[in-house]
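First the structure, in the form of structure tokens, and then the observations on it.
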Number of protein chains: 4
Amino acid sequence: MKPKTSRQQQALETKSKLIDAALRTFSRKGFSESTTKDIAKEAGVTDGLIYHYFQSKEELLWAILDKYTLLHSIRQALAAMDKQAPLEHNLTAYFQALIRNLHEQQDLIVMCFGEAQRIPEIRARVEDIIREGVELLYAFVAPQVHLAPQELLVAIRNVQTSMVFYFLMTARFAEDGTQSTEYIRISVKQFLKIVT
Amino acid sequence: MKPKTSRQQQALETKSKLIDAALRTFSRKGFSESTTKDIAKEAGVTDGLIYHYFQSKEELLWAILDKYTLLHSIRQALAAMDKQAPLEHNLTAYFQALIRNLHEQQDLIVMCFGEAQRIPEIRARVEDIIREGVELLYAFVAPQVHLAPQELLVAIRNVQTSMVFYFLMTARFAEDGTQSTEYIRISVKQFLKIVT
Amino acid sequence: MKPKTSRQQQALETKSKLIDAALRTFSRKGFSESTTKDIAKEAGVTDGLIYHYFQSKEELLWAILDKYTLLHSIRQALAAMDKQAPLEHNLTAYFQALIRNLHEQQDLIVMCFGEAQRIPEIRARVEDIIREGVELLYAFVAPQVHLAPQELLVAIRNVQTSMVFYFLMTARFAEDGTQSTEYIRISVKQFLKIVT
Amino acid sequence: MKPKTSRQQQALETKSKLIDAALRTFSRKGFSESTTKDIAKEAGVTDGLIYHYFQSKEELLWAILDKYTLLHSIRQALAAMDKQAPLEHNLTAYFQALIRNLHEQQDLIVMCFGEAQRIPEIRARVEDIIREGVELLYAFVAPQVHLAPQELLVAIRNVQTSMVFYFLMTARFAEDGTQSTEYIRISVKQFLKIVT
DNA sequence: AATGAATGAGTATTCATTCAT
DNA sequence: TATGAATGAATACTCATTCAT
């Protein structure tokens, strides 16, 4: 860890600012409809500067994916769980963490789902996240239930994807979290019916 | 029913050809990345002709939504069901019809999900389809099970959206339908666990 | 004079209708901004028909110039004058006829002046009209006044061009003719001061 | 007065160059027939640059009107006059200045008259110029003559508009100024007959 | 004579990218 | 590091013109 001069420090901050501005812009308008001018304006810098830090507009996309991952706080949520507590309690906590995480990373989620059909690398990334999300929850739940692995994987995948869907289409436009709470309660209950 | 002269007939066919070409193009490259040149080429006509039939590229989008609906064959599948048959049998048939329908309308589905985050009208259309899909299945299933309405609605919504998700991310790239068959079998089984 | 069949007759009428529609359209929007679609619509026919009667959009312009001349009613006005009447009376009548004529041929005037700077043939036409107008009035006035020919020509040219200018910029937008009457009275008075 | 860096200075020059190029082009071909490519070529820059400085081709038109005014040198001519000198002398000097001014601003004049019938803002501008031109000369002449104000206004308006007309149709194509000198001499003489 | 579908070159405008300062 | 002027290829859309019916 070499200490950074303030010049280097500021450069890193500018680069970071650009990545965040690009994420917000891509999320709002989609990649193709976002112009580099839009992004520069959103970041509060001038047009040309993007090309000082990135080779192209597309590279900003990869930089976003490098900078952010969806699974960090999910891993945290799982790590923080008390395996002795009832499964229902833990699942509720987990799904709450998932929805909270989706809200926090809303721009990233929206952008990824918006571009997934068009940009193979984004689709691959979405698949990776889903797969890893399934594996993480599987590792936690499997020891506690009796269900054929394949069936448990389907159950986990289904509940998680429908929750993402629910977030994208409904929850992210809701003003309070009340609806989500109820949705989670029912989903957990039904998930438990399947796995136990 | 006025009889069409062959001239009028051919004009209608050209218009239809343009709508289909636009759908394929939008589905493959997304709306913004599809050029009107692309679409004209795909339809086998010259650039300018698009504007003989449509006011703008965007209007092609609305024309696609006017021409196609996702729910037609779903309604057919439900209507064809024997209510005396076991629910499991009927649900399996229904989900098979759904997956088949998604395959047939692949371009429309892919385009709608690709644009839903960016174009409000498309998102509204997706929401409508989901809502109506849920209602159709609810009307069929509700009389045969004992479950609070709200919970049944969540169960139905979740199983259908996860199936759409599954289609978008996995099934549509699979060469045979074997995987889907197994996926449907498990999903039906788990859905029955919830509702009975 | 061969008698026309009704078919031939109708063809002539259609052609005439197109010329008039073109004149109105050119006058309103200018030549370049008028589309053949505009003209066809104004004439109440379909796009292609123009090319049955004319080789090009430009030919419609020449057809307009062929069909209409500005000087006809001016010649009439001059012919109808009583040479025994006082010059003031005759000049007043003449300028009234001129303004009336400009009103009647408003579209032609407006179009010609709008295009004169850009289309040499139109400018030539405008020059011709001015020259002939000057000559007509000169032939009438010259015998009645004592003024060097060159000076009389300038006086006549000036009074007529400023009247056209006045029409283009002011009179054609006025709802009643009151202003014009007063304007003519003063102009005649001042013209008489020059020539007598 | 902030000092401009050479960079800012050059940008201003480029913008100015574009306005002038647009004026020449509009004057020669008319607004509608002038392409942005034409203008860029005339200015010696590439197509896209126009849109770095202006929102649209139309905005170039307004920029031209902002940059240039017709009346500056007319005001100068009037200010420079010796009120003690005979009116005839002063009027001759004034009209010479007017014709000279029209020559210098030929492109602007030609463009304005070419577009006045089609573009209301241009017509309004032309009207303003005429009105102000009339008022300027009126203020100078009125104290020296005995004529009802309304009649003096008509006289001034007529002589000035016919002079503009003369310029547009004749003088601007003449190679030497001989004709104009004679034309001015006669016009002044006749104007004096009216006002004295 | 009349229709309107079809063509294709052309136009204003946009935008990712470069580069001199 | 940062600016923003400059480039030029690409794009949606227009329109005069042709032509089969």
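Quick note on labels: first sequence line is chain A, next is B, and so on, each numbered from 1. Basis for what follows: all heavy atoms, side chains included, without hydrogens, waters or symmetry-related copies.
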Any side-chain heavy atom of W62(B) within less than 4.5 Å of one from E121(B)?
yes
Hits for ring pair (Phe, Tyr, Trp, His ring centres under 6.0 Å) against F113(A), two or more places apart or cross-chain, chain-then-number order -> F165(B)
Going by the rule side chain to side chain donor-acceptor pair (under 3.5 Å), which residues pair with S34(C) if we only count those two or more places apart in sequence or in a different chain?
none
Close side-chain approach of I129(B) to C112(B), heavy-atom, < 4.5 Å
no
Could you summarise the pairing of DNA chain E as dot-bracket text, marking Watson-Crick and G-U pairs under 3.5 Å with ( ) or [ ] inside the strand and | across strands?
.||||||||||||||||||||
Euclidean distance, atom NZ of residue K29(A) to atom C1' of dT14(E) [Å, nearest integer]:
12 Å
Heavy atoms only, 4.0 Å cut-off, all strands: where does F54(D) land among base, sugar-phosphate and nothing?
nothing
Heteroatom pairs (N/O) under 3.5 angstrom, protein to nucleotides 7-11 of chain E:
unit_1 : atom_1 : unit_2 : atom_2 : d
dT7(E) : OP2    : T46(B) : N      : 3.2
dT7(E) : OP2    : T46(B) : OG1    : 2.9
dT7(E) : O5'    : T46(B) : OG1    : 3.2

Whether the side chain of K41(A) engages the backbone of D47(A) through a donor-acceptor N/O pair (distance < 3.5 Å, no angle test) should be reported.
no
For chain D, the stretch of DNA chain F it reaches, first to last nucleotide, under 4.0 Å of its heavy atoms:
dT3(F) to dG8(F)
Search all heavy atoms of E33(A) against all heavy atoms of R118(B) and return the closest pair with its distance.
CG-NH1, 3.3 Å
Taking the side chain as every heavy atom from C-beta outward, state whether L108(D) and T69(D) have any atom pair closer than 4.5 Å.
no
Between D38(C) and T35(C) (side chain of the first, backbone of the second, donor and acceptor by atom type, cut-off under 3.5 Å), is there such a pair?
yes
Whole angstrom is fine here: how far is it from CD in Q10(B) over to C1' in dT3(E)?
14 Å
Hey, can you pull the donor-acceptor pairs under 3.5 Å for the side chains in residues 15-24 of chain A, sequence neighbours left out?
unit_1 : atom_1 : unit_2 : atom_2 : d
S16(A) : OG     : K67(A) : NZ     : 2.6
D20(A) : OD1    : K67(A) : NZ     : 2.9
D20(A) : OD1    : Y68(A) : OH     : 2.7
D20(A) : OD2    : K67(A) : NZ     : 3.4
R24(A) : NE     : E42(A) : OE2    : 2.5
R24(A) : NH2    : E42(A) : OE2    : 3.3

Tell me the closest heavy-atom pair linking E127(A) and M169(B), and the distance in Å.
OE2-O, 3.2 Å
With DNA chain F as reference, determine whether S56(B) or I50(A) sits nearer its 5' end, using the nearest nucleotide of each.
I50(A)
